[in-house]
Amino acid sequence: MDVSDLVDTTTGRQKRTIYSNEELYKQELERIFGRCWLFLVHTSQIPKAGDYFRTFMGEDDVIVIRQKDGSIKAFLNSCTHRGNRICRADRGNAKAFTCNYHGWSFAPDGSLAGVPLENEAYFGELDRSKLGLVQVTHVAEYKGLVFGCFDPDAPSLEDYLGDAKFFLDVWLDAMPGGTSLLGETQKMELGSNWKLPVENVCGDGYHLGWAHAGAMSAVQSMDLAGLSVGNSSTNLEGGLSVAGMNGHMALTSLDGISGYAFYPEPKPMMDYLEANRPTAIERLGKVRGEQLWGSQINITIFPNLQFLPGLNWFRVYHPKGPGKLEQWTWAMVENDMPDEMQAAILDNQCLTFGLAGLFDNDDGDNLAACTEQSRGWRTAQMDVFTNMALGRSGPRDGFPGDIAAGLVSEHNQRYFYRRWQEHMQAESWAEVPTYNINSLSVEEPGNA
Amino acid sequence: MLEMNPAPVLVEDMIALTQRLYHEARLLDAERFEDWLELLCDDVTYRMDLKRRRFRADRSPPAAVGAGVVFNENFARLKLRIDRLRSGYVWAEDPPNFVRRVISNVEIEPADAENEVIVHSVIVIHRNRIDGLARQFTAGRTDRWRHGTQGWCLAARDIALDHAVLPDSNINVFF
């Protein structure tokens, strides 16, 4: 389908049909989820050989497995005989995956290791070498984050991430010990189109003071963006909306402490930041070490990965049709954090943005209703708008990207829909533009 | 060491505790949260852990820092949740949803402490929200109830939610 009229980034307009149309959804599975690098697993979740993690790439069920040589491979979770799902567990450690249907057995490297009655029923004529699990075309790691990609023509993961690495490194590379995801996966089903939560977290500071007013009035230490309850005031100098980095975005505070200052007992967190600030500055340079590390930051990697240093949650959205998704969340920590701090972060993440999260529980119904109000014959023809602060962006010293001042803006959302449109229009990767606006010419560390 | 067989739970205590579970459910259905809090001990713990879904033969260790939780509350945190619900700003609860709890499979056994008992039960929470949208949570509960001067109070509740994927967009309810 031609999507040239469905999104207009120059005026900040989208046609509502993009949230409900079945054909567009199928096109998204092909041109976005079948083409982009998608987050699969964090290396901390599969540390040992034989460790595996089951996830999705679009609607394709995938198993990611740590190999004997330490590398990571990903396969379609589907038996090559009759198509049955071969793994029904969320994760674990296994020597083999045996299909429940006829007992075909696959080794962790994907090879077909055993076929019952191979000689008697197949007369020894089965070519097992051609019947291994189907491998995900590309799997690559960026500092603990493992991504997969189905498209053989995709750019490298490093190029795909582009200047978003400037922000990724604030979380992934500030401390020498790296990062981990904690605990079991917090899975929630939402009656929402997958784009709506991504849009919400990538740039929507506007909703915080209103949609989360109940939580903000109860948890008074959690003034999320300098916004008052009821959205009555905001401070534009409090942060930045950063976009124009190959469809990836960041929404960031600049104070270096806001990510942890809201904890009920912030002292251990503040001590940790103070003790490790010199290390962060040494590794990331002055701008990021002082202003970003420790700040509340929303990072979005197109299309469906978001994580928030500060609130310390990490999330992917798996589409399940145009009007449904599964939201998967974990707590994330730096491995250099003391155990008690990690435990406090896990507890607070579950309290605020977990399955019964005081804040998270406010968003689902809004996103579901935006989806439903795009399905009617008349509403599907209507527009919705992301035109706040249009034309008020530009470069900023020390940062990459096209930047709008403040956390309340719809700047990032416009870039999200621009990227969506670029992918949906393109027949292949060759037609997808690459852009890292206002790219920093000099590498950060050293230029401080 | 001498094993002491705890005394069996008296029939009148069984009746009183079963009634208390039903009463609690009715208070929560009616959003009488402050009355519900009065049934809780000051040192109450209220917990719902995230569950593992693994093959039976799987030998991978449990998560080092913990599996994570849905609820890990004490009295103050339950009060915090009630403050949020009472704020008048929780739009998903306005208009009020149709919520009904069904409590069943009540089984009561002695606890180690003399003035406490263990109460097992099953809870099903039906919610009708927004037009025809109806959702149901099913969970098992293991409680510890303590007998004091004010009668029975809830000292601990461990809730096992029986859903691998939460089938709704919020849990604005107590189990």
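Below, chains carry the letters A, B, ... as their sequence lines are ordered, and counting in each starts from 1.
Between chain A and the residues Ala63(B), Pro167(B), Gly88(B), Gly68(B), the most heavy-atom pairs under 4.5 angstrom are made by Gly68(B). The most heavy-atom pairs under 4.5 Å with chain A, out of Asp49(B), Leu85(B), Asn172(B), Asp58(B), come from Asp58(B). By number of non-hydrogen pairs under 4.5 angstrom with chain A, the leading residue of Leu161(B), Ile130(B), Val70(B) is Val70(B). Ranked by heavy-atom pairs shorter than 4.5 Å toward chain A, the options Arg59(B), Arg52(B), Arg77(B), Arg129(B) are led by Arg77(B).
For Asp83(B) (side chain) and Ala218(A) (main-chain N/O), no donor-acceptor pair under 3.5 Å exists by modelled atom type. Between the side chain of Arg81(B) and the main chain of Leu358(A), no donor-acceptor pair closer than 3.5 Å is present. Checked by atom type and distance alone, the side chain of Trp91(B) never pairs as donor or acceptor with a backbone atom of Asn366(A) at under 3.5 Å.
Looking at Ala211(A), only its backbone comes within 4.5 Å of chain B, counting heavy atoms on both sides. With a 4.5 Å cut-off on non-hydrogen atoms, Leu367(A) does not touch chain B at all. With a 4.5 Å cut-off on non-hydrogen atoms, Lys79(B) does not touch chain A at all. Residue contact with chain B, scored on non-hydrogen atoms closer than 4.5 Å, involves the backbone and the side chain of Ala343(A) alike.
Atom CG of Asp347(A) and atom CD of Glu73(B) lie 8.0 Å apart (nearest 0.5 Å).
Using a 4.5 Å heavy-atom cut-off against chain B, the contacting residues of residues 89-98 of chain A are Ala89(A), Asp90(A), Arg91(A), Gly92(A), Asn93(A).
Take Asp336(A) and apply the side-chain contact (heavy atoms from CB on, under 4.5 Å) test, not counting sequence neighbours, and it matches Met175(A), Pro176(A), Tyr272(A). Every residue meeting the side-chain contact (heavy atoms from CB on, under 4.5 Å) condition with Arg32(B), not counting sequence neighbours, appears here in chain and number order: Arg26(B), Leu27(B), Ala30(B), Asp35(B). In this structure Cys41(B) satisfies the disulfide (SG to SG under 2.5 Å) test together with Cys153(B), sequence neighbours excluded.
Closest approach of Gly214(A) to Val90(B), counting heavy atoms only: CA-CG2, 4.3 Å.
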